[in-house]
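Quick one: the structure is below, questions incoming.
All chains are named by letter (A, B, ...) in the order of the sequence lines, taking the proteins before the strands, and each is independently numbered beginning at 1.
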Amino acid sequence: MITFMNNSDSEDEPCNERTSLMSAESPPVPSYQDGMQASETGEAQTHRKRQTGSSRSPNNVAEGNVSDSGVRVRESPLDNEEEELTLKYGAKHVIMLFVPVTLCMIVVVATIKSVRFYTEKNGQLIYTPFSEDTPSVGQRLLNSVLNTIIMISVIVVMTVFLVVLYKYRCYKFIHGWLILSSLMLLFLFTYIYLGEVLKTYNVAMDYPTVILVIWNFGAVGMICIHWKGPLQLQQAYLIMISALMALVFIKYLPEWSAWVILGAISIYDLIAVLCPKGPLRMLVETAQERNEPIFPALIYSSAMIWTVGMAKPDTAARGPSQQTWDADGRENHGSPSHLDSQISETSHPITSLEELEEEERGVKLGLGDFIFYSVLVGKAAATPSGDWNTTLACFVAILIGLCLTLLLLAVFKKALPALPISITFGLIFYFSTDNLVRPFMDTLASHQLYI
Amino acid sequence: AFFWLVSLLLSSLIWFIAVKASDPHDEPLQKGLLIFGVMFSVLLQEAFRFLYYKLLRKAIEGLVALSEDGCSPISIQQMAYVAGVGFGLMSGAFSMINLLADALGPGTVGIHGDSQLYFLTSAFMTMVLIFLHTFWGILFFHGCENRRWWEIAAVIVMHLAVSGSTFCNPLYVGSLVPSYLLMAAAAVWAYLLSGGSAQNLRRFLLCK
C-alpha cells in the first residue's frame, strides 16, 4: 500500500490550498463602478448585496449573519432594505454551508464505524516517516512532532509552489496538476473505497460491473468538477472527494501525529491567510486582482447565478452590463460556480424588476477545510473506545466554529481562514469529552440516572 | 445544543476531579459523589440556559435595531422554543446514542440480574426529558422576559425533581410516572403561556 502512496504527493498539495474561506464576490470590474454611478439615480432597486458601512450586530449566532457583499459602499435610500435582505440571506448561507459539511462528516463517520479497513493500521505515508510504536511516551511525542514538522513543511512548500506558478501564469501546469490529482481521487480511491465497502457487507460484484460503475462515476466527476455541470452534482462530487481524502488521512496518519498535525495546520492556516505575505492570501488577492475565479477543483461554492434574462432595454444599463458580460466571457471555461463573482447585479431599469435574479450569491469554502473537519470527526469516531458522544460533541463543536467563522466573515468581509476556530473547538471538545465526560456519562448510564 | 454541551463539560470536569480526589473503593461515597454530580450538572445546565437567554436577548436587540419596521424577524418565543429543542436534543442524544449503538450488537438485556426493560425505559425517559427541555425552554425564557422569578425557580425545581426521581431506577414507577406527570403539567403551562387556550385547541381539533 505504501508504494502507491508515493504518487499521492500531487493530490496532497491541492487539498492544502483549499483551506480558506472567502466571501463569494471578487471586486467588480472598475468600469462597473462607473456604470453604477451613472445609473444610480435611475434605478429602483438592485438586489446587490453590498458592504454596509455600519457595523451590524455581530453576536447573532442564531441567525448567522453572512453577507457576501461587494466591496463598494454605496449610499442609497435602500440601505435598510439591503441589510434586511442580507440578514435573511445570511442565515440561509450558514445553512448552505452546514449541510455539505455535515454530509461530508456523516459519510466519513459512517464509513469509519462500519468499514474495518480504515481503522486498521497498514503502514504510513512517506510524509510521516516516524513510527509511533515506541515504548516510551516521550519518544512517541517526539516522533509525532517530527512527523508534523515534515508534513507541514511539505504543505508549505507545495503551497508556495502553487502560488508561484499562479503568479507566473503557468495555468496549464496547474490545471494539469489538478486534473491529475482529481483523476486519481476519483478513480483510484473510489475503487478502493468501493472494494472495501463491498468486502464489509460481503456483497459480490464482478469486474465488468465495477469497471462500468467506476468509469461512469469518475468521468462524470471530472466533467462536473473541472468543466460544467449541475450545481448540486458538482457539490456532491466535491463532498465525496473530500470524504475520500479525509478517509485516506485517517487511515494513514498515526494517532498522535494526526492530532498534532490538526493543531499545526490550523495555526498554519491562520498565518497563511492573514499575514500579508502568506501564500494563501497572495493567491486570493492575485485571483481577485485578475478577476479570475480560483480553480474549481479547490473550492466548494454554495450557490451560483445563471445569467438568464438580463434584458437590457435601457442604453444606460447596457454599458456596465456589457462590461460584466465581457468579464464573464473570459471565464468561459471556468466552472459555473464562479459566474456569481462576476455577476455583480447590473443596474436595471425600473420595469424589469422581475428579470433580476433572486439573490443567489453564495459563500465559498475551501475543500481543505472540509477534509480537515472530517479528519477530526473521523478520528474522534475511530477512537478505540467506540464512544459516540465524543463524535457528536466534536461535530457540534466544529459546526459552532464554522458559524462563528461565518459571523466574522460578515464582519470583516475578506477571505478568512476557516480552520482555526473550528479545529480549536473540535480539539478541546474531543479531548475533554473523551477523558472527562465519558466516564461521567458511562457511570450515569450504568445507574440509569438522567441529568 | 452547544451551550448544553459546555455545561455538561464543566459539570463532568467537577465530578471527575471529585472522583479522582476521593477513595475509589468507598461505595456510598461514590454514590454520594454521583448524586452531587447530577445535581450540580442540573444547576449548571440551568445556568447555561440563562446565559443563552442573555445572548439571545442581545441578538434580538441587534436585529430590532437593524430591521426597518422595528420588530425582529424571529420572536423571543420562537427562540425560546428553539433553545429548548436544542438543549433537549443534545441531552437526549448524549443519553441515548451509546445505548442505541450497543443495541445494534449482540447481547441479552439484563442477563446479570438487572432489569430487562432497560432499553425501553431508557427510551421513554429520554423522550420525556427531551419534551421537558423544550417546555422548560419556553417557560424559562418567558420568566426571564417578564421578570417572574418564580417561573424560573419552578423550572429549576422541576428539573431537579426529574433528575432526582431517576435515582429510584430501576424502580421505574418512581421515575417514569412522576416525570410524565410533570411533563403534562409543563406542556399545559407552556401552551397557555404561548398564547394557546382551550378554545384554540378545540378549534384546531375540530378543524374549524
Side-chain angles (χ1 to χ4, degrees), chain A residues 52 54-65 78-84 86-88 91 113-114 381 385-401 403-404 407 425 428-429 431-433 435-451, chain B residues 1-2 5-6 8-9 11-13 15-17 19 30-31 34-35 37-39 41-42 45 55-56 58-63 65-68 73-74 79 82-83 90-91 93-95 97-101 114-115 118 121-122 125-126 128-129 159 162-163 165-167 169-170 172 175 179:
Chain A
T52 60
S54 62
S55 61
R56 283 192 295 270
S57 74
N59 50 5
N60 198 352
V61 175
E63 311 302 308
N65 277 336
L78 311 161
D79 232 8
N80 278 338
E81 197 164 315
E82 291 297 323
E83 291 192 22
E84 185 75 4
T86 308
L87 282 178
K88 283 201 198 117
K113 288 286 186 185
S114 53
S385 57
D387 192 25
W388 281 87
N389 287 341
T390 319
T391 315
L392 200 57
C394 289
F395 169 70
V396 172
I398 289 182
L399 284 186
I400 294 288
C403 225
L404 282 176
L407 212 65
F425 275 1
I428 294 176
F429 270 83
F431 284 113
S432 48
T433 313
N435 298 323
L436 297 174
V437 176
R438 194 161 48 88
F440 187 43
M441 291 304 288
D442 284 343
T443 324
L444 286 181
S446 64
H447 293 277
Q448 218 172 5
L449 300 176
Y450 281 84
I451 54 164
Chain B
F2 182 66
L5 209 58
V6 176
L8 179 67
L9 201 73
S11 48
S12 10
L13 178 67
W15 179 81
F16 191 76
I17 295 176
V19 165
Q30 291 298 316
K31 194 97 195 293
L34 200 60
I35 296 178
V38 168
M39 294 299 156
S41 177
V42 167
Q45 278 179 47
L55 183 70
L56 286 182
K58 284 222 180 76
I60 282 221
E61 280 163 22
L63 279 179
L66 277 174
S67 73
E68 22 177 51
I74 179 168
M79 282 193 187
V82 169
M90 210 52 201
S91 143
F94 260 67
S95 314
I97 200 159
N98 277 331
L99 275 174
L100 288 172
D114 301 309
S115 161
Y118 186 79
T121 47
S122 299
M125 196 66 207
T126 311
V128 85
L129 255 189
H159 197 168
V162 169
S163 282
S165 72
T166 61
F167 289 133
N169 285 336
Y172 293 123
S175 69
S179 308

Region of Met90(B) in contact with chain A, defined by heavy-atom distances below 4.5 Å
side chain
Largest heavy-atom contact set with chain B, pairs under 4.5 Å, which of Leu444(A), Leu392(A), Thr433(A)
Leu392(A)
For Phe94(B) and Met441(A), work out which heavy atoms get closest and say how close.
O-CE, 3.7 Å
Please report the closest heavy-atom contact between Asn389(A) and Ala93(B), naming both atoms and the distance.
OD1-O, 4.2 Å
If you measure from CG on Leu449(A) to CZ on Phe167(B), what distance do you get to the nearest 0.5 Å?
5.0 Å
Report which part of Ser165(B) has an atom under 4.5 Å of a heavy atom belonging to chain A: side chain, backbone, both, or neither.
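Neither part, no heavy atoms under 4.5 Å.
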Is a side-chain donor or acceptor of Ser41(B) paired with a backbone partner of Gly37(B) at a separation under 3.5 angstrom?
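No, Ser41(B) side chain to Gly37(B) backbone: no donor-acceptor pair under 3.5 Å.
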